[in-house]
There are 2 protein chains.
Amino acid sequence: MQSDISDKAKATRKRILDAAIRVFAHKGFHDTRVDEIVEESGSSKGAVYFYFPGKQQIFLALIDEFADLLERRLTEAVDQEQGGVRKVNAALKTCLETFGRYRGLAKIFLIQAVGLGAAFEEKRSELHQRFANLIKCYLDQAVADEEIPPIDTEVVAFAWMGAINEVVIRWVHTGEPEPARVLLTLRAMLLRGIGVPETDIAGLAITPIEIVEKSS
Amino acid sequence: MQSDISDKAKATRKRILDAAIRVFAHKGFHDTRVDEIVEESGSSKGAVYFYFPGKQQIFLALIDEFADLLERRLTEAVDQEQGGVRKVNAALKTCLETFGRYRGLAKIFLIQAVGLGAAFEEKRSELHQRFANLIKCYLDQAVADEEIPPIDTEVVAFAWMGAINEVVIRWVHTGEPEPARVLLTLRAMLLRGIGVPETDIAGLAITPIEIVEKSS
DNA sequence: CACTTTAGACTGACTGGTCGGTTTATTGAT
DNA sequence: ATCAATAAACCGACCAGTCAGTCTAAAGTG
């Protein structure tokens, strides 16, 4: 059948992307040679430039793909929960799970995509803006529902994102501390920080997180 | 006199470093050409390589210098205050002031030093560790003094650092939101987050921050 | 069916511009 | 004269991207 061809073709494309995740995550954008992606993927330079316009586009494709994935999972998880506090809890858990499942992409997203000069910086800024806004919306809702006192949700949203990112970065790097510990501590800290009553926080289940690593 | 020479020499060195701050902050490490630093500093390639072993070392020198400066200012400010809550407040204020005063260095420190591959990544990790540890110490002390309930200070320390960094990055980039607003919100959020009683937080003065930009 | 043709997927040797670093010459202070 | 300081032409390794060509399988043809 004809899908044989395109299956094999798609497979090559995927092999290249997977290899790119591994190499980019490990060495960063500038220290990654296209030839290394070629070798790691077991394909050829021609194949790489057949499927992608250039090195930069491969990198951006990975980031965009992951950002979409994360946003999809977040909104999905949050929408399934009722009430601001539970929603926040779900979001936090989903974040840690997703970063844990796609550790390579997480490292690319959180570290390797930073400090790459103007061309990428705009993208990074825009992505952070996007996720901060997502958080801000949920916070605003919690305020509107009078679950928490009125606060400067914009600043808090950025602070939350930074807090989560930093802890995840640390974890991706060293494997420390374990996600369960992180979830508990971070959750308590962030929720307390916006004035959620202690009783509401204590009421949250100690949902275990499952961290399963996937290639892509 | 002999200081004429070394004065002039030191001046050249400084001009190079200042130029490097500007260019690195604006374009990032890899997009910065040594020739751009030469031009911006109004010196020459010979002078640059007379004072520094190479591009990378200039970059690292800037980061180390700033890290030392920040740490010095922080410990200084914290030591002058009495009591955990006030110390934290002082630290936060000092952070924002210092980042504000040295905006170029702040951008290099927080953004441009990230995602540069293994050679720099270790340095970055070590720096974050260092500052997180500083925070952790103060938090531990606050716990020991029973000002706050026992918490996982390690995780909280990283979360705090991430929160501060992200907000500062945003501010360095867009100029938004104003530091005063940031200090108030961040302070309340972080202190609440570790269980500081609302009354203690309210008791803190609304100390105005002065943000004066300096070249270096 | 045998055969040519076409198209898509892929290969890897090659290239040409770029840029960190070096060298050599010059200046100027003591 | 001597030597630190500076200038700027120069070098060459490096590497993203190119391209002429190969291979395989499907489509067209008689």
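All values reported here derive from a predicted model rather than from experimental measurement. Numbers restart at 1 for each chain; the letters A, B, ... are given by sequence-line order, proteins then strands.
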Expressed as a whole number of angstroms, how long is the span from [X]:[atom1] to [N]:[atom2]?
X: B:D35; N: C:dG21; atom1: CG; atom2: P; value: 12 Å
X: B:F29; N: C:dC19; atom1: CZ; atom2: C1'; value: 12 Å
X: A:F52; N: D:dT18; atom1: CZ; atom2: P; value: 16 Å
X: A:E39; N: C:dT11; atom1: CD; atom2: C1'; value: 15 Å
X: A:I16; N: C:dC10; atom1: CD1; atom2: P; value: 8 Å
X: B:K14; N: D:dT6; atom1: NZ; atom2: C1'; value: 20 Å
X: A:E36; N: D:dA16; atom1: CD; atom2: C1'; value: 13 Å
X: A:F50; N: C:dA7; atom1: CZ; atom2: C1'; value: 10 Å

Is the ring pair B:F29/B:F24 parallel, tilted or perpendicular, if the boundaries are 30 and 60 degrees?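 Ring orientation of B:F29 relative to B:F24: parallel.
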
Is there a side-chain polar atom (N or O) of [X] under 4.0 Å from OP1 or OP2 of [N]?
X: B:S44; N: D:dA7; value: yes
X: A:Y49; N: C:dC10; value: no
X: B:T12; N: D:dT6; value: yes
X: A:R33; N: D:dC14; value: no

Can you confirm whether A:H30 is buried at NE2, in the sense that more than 12 heavy atoms of other residues, nucleotides or ligands lie under 6.0 Å from that atom?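 Above 12, so yes.
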
For B:R73, look at atom CZ and say whether over 12 heavy atoms of other residues, nucleotides or ligands are found less than 6.0 Å away.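 For B:R73, atom CZ is crowded (more than 12 foreign heavy atoms under 6.0 Å).
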
Looking at B:K45 and D:dA9, is any side-chain donor or acceptor paired with a base atom of the opposite kind under 3.5 Å?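 Answer is no: no donor-acceptor pair is held.
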
Specify the residues of residues 53-61 of chain A, ordered by number, for which at least one heavy atom lies under 4.0 angstrom from an atom of DNA chain D.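 Contacting residues: A:G54, A:K55.
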
Lys/Arg N to Asp/Glu carboxylate O, A:K14 vs A:D18, below 4.0 Å: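 The answer is yes: the pair qualifies as a salt bridge.
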
Kindly list each side-chain donor-acceptor pair under 3.5 angstrom involving residues 37-44 of chain A, sequence neighbours excluded, with atom names and distances?
unit_1 : atom_1 : unit_2 : atom_2 : d
A:E40  : OE2    : A:R22  : NH1    : 2.5
A:S41  : OG     : A:I37  : O      : 2.9
A:S41  : OG     : A:V38  : O      : 3.0
A:S41  : OG     : A:S43  : N      : 3.3
A:S41  : OG     : A:S43  : OG     : 2.8
A:S44  : OG     : A:A47  : N      : 3.2

Is the shortest side-chain heavy-atom distance between B:I16 and B:Y51 below 4.5 Å?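 Yes, side chains in contact.
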
Less than 4.5 Å apart, any side-chain heavy atom of A:R13 and any of A:F52?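 SC-SC contact between A:R13 and A:F52 confirmed.
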
